[in-house]
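Encoded as structure tokens, the structure appears first; notes follow it.
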Amino acid sequence: MAISTMSPISQGGTRNQSWQCQTQRPAVAGAGVGSGAGAGARPGALLVVGDVITDVVARHRGPLTPGTDTAAAVRTVPGGAGANVACWAACWGDAEVRLLGRVGEDAAAWHARELAACGVRPLLVVDPQAPTGTVICLVDEGAAAERTFLTDSGASLRLEPGDWSDALLDGVARLHLSGYLLFSEPGRAFVAVALKAARVRGVPVSLDPASAGFLTRLGADRFLALVEGVDILLPSRDEACLLTGLPGVADAAARLSRRVSLVVAKQGAEGALLARSGRVCARVPAVVATPRDSTGAGDAFTGAFLTTLMTGADPEHAVAEGCRAGALAVRQVGGRPPPPA
């Protein structure tokens with residue numbers, strides 16, 4: 001199905017000023033407040049391709065009680081790893097951010113409005129046969145605010161090569177792909193087409209593996225073959241270890257960096273590390289935060305990292321900004337940037 005323009009909200013030209021990230025500065029040329037970089041010309045656009053999901057977040061304290069009620073605070077919020085990355089990127093910097101994703105007719109308009117409100121230009125394919133993906137996020141309100149996901153991917157895993165156009169890369173300085181695209185046959189075919197087009201245009205590509213659970217079913221060797229040509233890989237600690245079979249994240253990141261130019265391994269409360277050419281080249285500490293909900297923290301990291309990198313900042317500084325965004329993300333419920341204080 002062709003990409004929906006969903007006028008006027010798909011144009012993304014107007015930001016809802018009542019709903020902005022705390023780090024968002026007035027819209028002027030140059031690097032955003034979140035990036036910490038110097039002023040300069042606005043970089044080319046960031047195109048994010050990935051999942052757009054409706055999150056039902058249930059925060060409970062203590063273990064779930066099978067067979068009866070467990071008290072919880074329940075909210076329905078927009079989510080999806082790809083959509084979250086795009087929103088944090090738009091919040092954290094000045095680059096134009098576009099998002100290509102597939103949604104059902106049931107929630108297409110709502111998701112497009114929510115993306116536009118975050119400053120993202122939504123390019124949504126409306127699927128007439130599948131509903132918008134839904135994830136139930138069970139969040140234990142204990143000290144770690146750990147979460148468990150129940151996932152119905154719906155339309156998000158039905159993105160296919162026919163949804164791609166090389167014109168999507170017009171004005172784009174960087175392409176970012178959500179790893180969830182690799183967990184369906186149409187998505188894998190889509191990634192192959194997008195990577196080929198980016199290579200022809202000379203557009204660098206980053207990818208986040210997205211899910212250790214899905215990655216286990218896909219297989220490490222198959223995953224690594226599918227992402228050949230990606231220049232930045234952003235795995236979590238568990239994903240890096242799973243992809244290499246190594247128990248330590250530093251060794252895992254170093255090994256992955258023999259296949260991918262730059263590996264950024266996200267370690268949550270332990271910060272992140274960078275690896276190039278088979279060795280760890282930097283370790284960046286986390287920003288201390290009291291977590292309420294860890295949903296989307298890795299997406300926040302990725303969005304801030306990418307938009308900072310696009311200002312010309314060095315990767316270590318971009319990782320530090322990613323850690324700042326991750327700390328902000330865990331302090332509030334849901335995977336999107338918070339409203340102003």
Side-chain angles (χ1 to χ4, degrees), residues 1-12 47-57 75-87 97-118 120-137 149-169 175-197 207-211 213-218 222-223 226 295-296 299 334-336:
M1 186 173 183
I3 297 171
S4 170
T5 57
M6 297 191 66
S7 180
I9 49 183
S10 68
Q11 303 307 309
L47 173 62
V48 179
V49 184
D51 46 317
V52 182
I53 297 289
T54 300
D55 284 344
V56 179
V57 182
R75 289 179 56 193
T76 299
V77 295
N84 292 345
V85 166
C87 289
V97 181
R98 309 169 188 172
L99 175 73
L100 174 63
R102 196 175 183 102
V103 294
E105 294 177 340
D106 57 320
W110 178 60
H111 277 291
R113 285 194 301 269
E114 292 293 332
L115 288 164
C118 287
V120 175
R121 181 183 178 190
L123 304 171
L124 301 181
V125 180
V126 179
D127 193 315
Q129 298 179 331
T132 303
T134 301
V135 172
I136 298 175
C137 312
F149 297 142
L150 302 175
T151 302
D152 178 354
S153 298
S156 67
L157 290 189
R158 289 165 56 87
L159 205 66
E160 60 185 10
D163 299 325
W164 176 263
S165 165
D166 289 354
L168 287 165
L169 292 176
L175 171 64
H176 177 73
L177 303 173
S178 169
Y180 281 109
L181 295 168
L182 298 174
F183 303 134
S184 72
E185 195 57 48
R188 289 189 284 272
F190 177 96
V191 167
V193 170
L195 283 174
K196 181 178 179 180
L207 186 140
D208 188 325
S211 168
F214 284 151
L215 191 55
T216 299
R217 293 195 284 277
L218 179 65
R222 191 178 185 191
F223 174 89
L226 289 167
T295 303
D299 303 331
R336 298 283 174 90

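By the 4.5 Å heavy-atom criterion applied to side chains, His111 and Thr54 are counted as neighbours. Contact of the Leu195 side chain with the Leu177 side chain is registered, since non-hydrogen atoms from C-beta on lie closer than 4.5 Å. Side-chain contact between Asn84 and Arg336: present, with at least one pair of heavy atoms (C-beta onward) separated by less than 4.5 Å. No side-chain heavy atom of Pro186 sits under 4.5 Å from any side-chain heavy atom of Arg158.
Here the OG1 atom belonging to Thr134 is positioned 7.0 Å from the CG atom belonging to Asp106, to the nearest 0.5 angstrom. In this structure, CH2 in Trp110 is found 9.5 Å from CZ in Arg113, a value given to the nearest 0.5 Å. A distance of 12.0 Å separates CZ in Arg102 from CG in Leu181, rounded to the nearest 0.5 Å. Rounding to the nearest 0.5 Å places CG of Asp152 at 9.0 Å from CD1 of Ile136. Here the CG atom belonging to Leu47 is positioned 8.0 Å from the CG atom belonging to Leu99, to the nearest 0.5 angstrom. Of the inter-residue distances, the one linking Leu226 atom CG with Phe183 atom CZ reads 10.0 Å to the nearest 0.5 angstrom.
Panel note: side chain Thr132, backbone Gly104; a donor-acceptor pair is recorded below 3.5 Å. Side-chain N or O atoms of Arg188 include one that pairs as donor or acceptor with a backbone N or O of Leu182 at under 3.5 Å. Checked by atom type and distance alone, the side chain of Ser153 never pairs as donor or acceptor with a backbone atom of Ser156 at under 3.5 Å.
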query = What do the steps show when you test Asp55 against Phe149 for side-chain contact (heavy atoms from CB on, under 4.5 Å), and what is the final call?
reply = CA-CA 10 Å; Asp55 284 344; Phe149 297 142; over 6 Å; no
ask   = Should Val85 and Asp208 be marked as a side-chain contact (heavy atoms from CB on, under 4.5 Å) after you check the CA-CA gap, both sets of side-chain angles, and the distance that decides it?
value = CA-CA 10 Å; Val85 166; Asp208 188 325; 5.6 Å; no
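Pairing each heavy atom of Leu215 with each of Pro209, the nearest pair is CD2-CB, 4.4 Å. Between Val193 and Pro161, the shortest heavy-atom contact is CG2-CB, 4.0 Å. Between Pro122 and Leu115, the shortest heavy-atom contact is CB-CD1, 3.8 Å. Scanning both residues, Ser184 and Leu157, for their nearest heavy atoms gives OG-O, 2.7 Å. Closest heavy-atom contact between Arg98 and Leu168: NH1-O, 3.6 Å. In terms of heavy-atom proximity, Val103 sits nearest to Ala108 at CG2-CB, 3.6 Å.
Under the side-chain contact (heavy atoms from CB on, under 4.5 Å) criterion, Ala81 pairs with Asp51, Ser178, Tyr180, Asp299, not counting sequence neighbours.
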